[in-house]
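Input: a single structure, listed below in structure tokens.
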Amino acid sequence: MRKVLLPTVIIIGSILLILRLFYLQIIDDSFKLKSDNNAIKIQYDYPERGYIYDRNGKLLVANQPSYDIMVIPKDIKNLDTIEFCKLLNITKADFIKIVHKAKVYSPRLPSVFLPQLNKLEFAAFQEKIRKFEGFYIQKRSLRDYQVKFGANVFGFITQVNERTIQKNPYYNSGDLIGKQGVEESYENILRGVKGVKYILKDKFNREIGPYKEGKYDTISVQGKDIHLSIDAELQQYGEELMINKRGGIVAIEPKTGEILALVTAPSYDPAILVGRQRSKNYTMLYRDSIAKPLYDRGLLAEYPPGSPFKILTGLIGLQEQVIDEQTTVFCNHGFSYARGRFMRCHCHGGAQQLHRGIYESCNAYFGTVYLKTINKYLRPADGVDVWSRHLKSFGLGEFMGYDLPTGRRGKAPTSKTYKRIYPNGGWRATAIVSNAIGQGEVLMTPIQLANMMAAVANRGYYYTPHIIKSIKGEPIDKKFRTKHVTTIDRKYFEPVIDGLYDVYNLGTAHALQVDGIQICGKTGTAENYTKINGKRVKLQDHSIFVAFAPKDNPKIALAVLVENGYWGARWAGPIASLMIEKYVKKKITRTDLEKRMLEGSLQGEYAKYTGRKETDTLLLKKPTTIEKQADSPEEATEN
């Protein structure tokens, strides 16, 4: 057997090797194309990116032609550098620097010499291109924004960096790729497929025709159009309401999980990141470490949720059966617990039950509910873990899985959290009772708050929030059509919703009512601390508001957070009411609120801590001139 095995292996291996060589040399001659690459010019045909529409078919993002000057360093011959530089309005030093960078990339492969010429620059260069061996024009398309809002939703397109080229062979030097927003999330769908032509050259480097009569040529395929779930009018209105303020607004359609508005403030006109001014403008945005216009607060900012968290405290208390609707707690304008500690309360005091506790936002009531929930179990650690599992069923403390490329988990503390904080043990429920009112170790992003309200509006379920509504010729991801059911029984939502409804009728948002719409909401005020010169300093509280409407068959759920905005009904509440009315009625009757929000500014509040007084909402005009593009700072950060 051993004598036969070795010869058999050698014979079979030899036969396979011969067959492979026969296939490569006789049947498949594609490798000959690579071996002949010195005599073949590869020319790409770049397709238009797919168009972007809103949920109602309004065109948001289209395309405009752009022309790049490409260079193949080894082909540069007999160049009149002075004439060349004068034509393109660059210095000789610029020329040397760019060509050197191209040689480092590859002396034989094309690199971008000068990107994004406009039509006039292209025409002037095209007239004399025959004199400049080694250079050619590559046509591409750039984005043409039809609106001045939604920059954080769209993202932008930029040149690929070396790391991307190494990871993904589809891309070559000078190719464009989507970054941030839907441009990044749906890059493979929006970009299309570029076409390739192989052109044969003679020994004098002259083009003599298609290689193999075009056998290997391919045609470009335009990117697919997409419809976003965003309502363009609502998105624009939200950004206008947030001018001269900082924070975020997230609005969701409860029955589908579709994101209706995703507002971050401050923001900017997306058109400033198009053309040769793009890098200069990006640098300005990137270096603004105070207002942070590139920071999407709706997805990334983690805040203490404040009083809106009481909704979950009440629901978990009902589910764990430590309270019912009639459970009564006496409030003496605060909550006394643990060796004389006192949690102050702004409600009217007296006997509080679930319904009144919600619409008056009673700290004593919900502090008591929280302690009952944790102390139901023999060990506080077990109680915290049960409580945390309920939170996670609402999407808290986890990446939510939405179709945008950035996000944060928030924080739903577990027993492990407190083992780290109290390594010696001995902690009790009273040590962490501030969780009850959305302070403590709890953190949530605005999109998590909005999703929480969508789950409440649906009486116990939600769909993963998503910004895609439809893709031409393709279904959307199945995960966006999968229902997530919370750990809270449906029957417990109704009494909580009744309390949220009376927040507008009897409680903290009674001045924010909108005729004809039954709104359920909850005000919130979250304490806000930061470090200044190494010291922990309390800043003005954040203003928070969550809501959904109408009460029955809800069409919109949202969260509004305004940084340093005092109490919930001062800034976030009015904005929430206006957003709801805008979406449900398509018009505004609360013009008093609208005027106050559109004209109101918190710049003075921000200036107290930064010394910066100017407006930080960068609604800049679309550039009309194209200048030489500088090195982009995001290239450095990506590398």
Side-chain angles (χ1 to χ4, degrees), residues 49-55 58-64 116 142-158 176-187 190 226-251 259-301 402-407 445-447 467-468 561 615-624 632-634 637:
R49 286 179 79 84
Y51 284 32
I52 300 176
Y53 299 85
D54 87 333
R55 67 187 294 108
K58 176 181 173 65
L59 179 61
L60 304 175
V61 186
N63 298 304
Q64 57 183 308
Q116 302 177 11
L142 298 179
R143 283 313 205 184
D144 185 13
Y145 294 98
Q146 309 300 299
V147 297
K148 292 182 178 292
F149 54 85
N152 64 307
V153 173
F154 305 138
F156 55 90
I157 57 174
T158 186
L176 300 175
I177 189 171
K179 287 290 182 183
Q180 300 182 12
V182 296
E183 294 282 17
E184 181 174 336
S185 295
Y186 291 96
E187 162 70 8
L190 289 168
I226 64 174
H227 283 73
L228 303 183
S229 59
I230 292 292
D231 182 295
E233 289 189 13
L234 189 66
Q235 177 75 24
Q236 181 178 7
Y237 190 56
E239 292 194 19
E240 290 172 354
L241 292 171
M242 290 295 289
I243 289 176
N244 289 323
K245 308 164 192 73
R246 297 178 192 169
I249 305 173
V250 182
I259 299 172
L260 301 172
L262 180 61
V263 175
T264 183
S267 189
Y268 57 92
D269 182 343
I272 70 172
L273 295 186
V274 176
R276 300 255 295 282
Q277 290 274 23
R278 184 195 69 81
S279 187
K280 173 185 172 184
N281 291 332
Y282 184 91
T283 301
M284 174 188 67
L285 299 174
Y286 178 79
R287 291 179 177 172
D288 187 346
S289 60
I290 297 175
K292 299 180 180 179
L294 291 175
Y295 183 70
D296 193 329
R297 286 166 164 85
L299 303 178
L300 290 169
Y402 47 71
D403 53 342
L404 287 160
T406 191
T445 61
I447 194 170
I467 208 158
I468 194 71
L561 191 143
T615 175
D616 61 15
T617 298
L618 305 173
L619 298 175
L620 303 182
K621 293 182 179 178
K622 189 172 182 178
T624 55
S632 173
E634 78 265 22
T637 58

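Sequential numbering from 1 along the given sequence is applied to the chain's residues.
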d(Phe154 CZ, Leu228 CG) to nearest 0.5 Å is 7.0 Å

Step-by-step side chain to side chain contact (heavy atoms under 4.5 Å, CB included) determination, Ile226 to Leu190:
CA-CA 8 Å; Ile226 64 174; Leu190 289 168; 4.0 Å; yes

Gap between atom CZ of Phe156 and atom CG of Leu176 - 0.5 Å precision
12.0 Å

Restricting to non-hydrogen atoms, name the atom on Ser229 and the atom on Ile259 that form the minimum distance, rounded to 0.1 Å.
OG-O, 2.7 Å

If you take all heavy atoms of Tyr51 and Ala62, which pair is closest and at what distance?
CE2-CB, 3.7 Å

Looking only at side-chain N and O atoms, does Asp296 offer a donor or acceptor that is under 3.5 Å from a partner on Asn152?
yes

Which atom of Val274 lies closest to which atom of Gln116, heavy atoms considered:
C-OE1, 4.5 Å

Answer whether the closest heavy-atom distance between the side chains of Ile249 and Met242 falls below 4.5 Å.
yes

Mind running side chain to side chain contact (heavy atoms under 4.5 Å, CB included) on Tyr186 and Asp403 for me, showing each step along the way?
CA-CA 9 Å; Tyr186 291 96; Asp403 53 342; 2.5 Å; yes

Is any side-chain heavy atom of Arg246 less than 4.5 Å from a side-chain heavy atom of Pro266?
yes

Ionic contact status for Lys148 with Asp269, cut-off 4.0 Å
yes

Could you tell me which non-hydrogen atom of Pro446 sits nearest to which non-hydrogen atom of Ala301, and how far apart they are?
CD-O, 3.3 Å

Evaluate the side-chain proximity of Tyr282 to Thr158: yes if any heavy-atom separation is below 4.5 Å, no if none is.
no

Counting neighbours of CD on Glu233 that are heavy atoms of other residues, nucleotides or ligands and sit closer than 6.0 Å, is the number greater than 12?
no

Taking all non-hydrogen atoms of both residues into account, name the closest pair between Asn281 and Ile272 and its distance.
ND2-O, 2.8 Å

Is the backbone N or O of Asp288 less than 3.5 Å from a side-chain atom of Lys292, with the two atoms forming a donor-acceptor pair by type?
no

Sequence-distant partners of Glu187, salt bridge (charged side-chain N to carboxylate O under 4.0 Å, His left out), two or more places apart
Arg49

Measuring from atom CG of Leu300 to atom OG1 of Thr445, what distance do you get when rounded to the nearest 0.5 angstrom?
8.5 Å

To the nearest 0.5 Å, what is the distance between CD1 on Ile230 and NZ on Lys58?
13.5 Å

Heavy-atom side-chain proximity of Leu404 to Val153 below 4.5 angstrom
no

Check against salt bridge (Lys or Arg N to Asp or Glu O under 4.0 Å), Glu183 and Arg143:
CA-CA 10 Å; Glu183 294 282 17; Arg143 283 313 205 184; 2.7 Å; yes

Do Tyr53 and Leu60 make a side-chain contact, defined as non-hydrogen atoms from C-beta onward lying under 4.5 Å apart?
no

Arg55 CZ to Ile467 CD1 distance, which is reported to the nearest 0.5 Å
11.0 Å

Taking all heavy atoms of Leu299 and all of Thr406, pick out the closest pair and write down the distance.
CD1-CG2, 3.8 Å

With the side chain counted from C-beta on, respond yes when Gln146 and Asp144 share a heavy-atom pair under 4.5 Å apart, and no when they do not.
yes

Any chance you could measure Gln235, atom CD, to Leu262, atom CG, to the nearest 0.5 Å?
6.5 Å

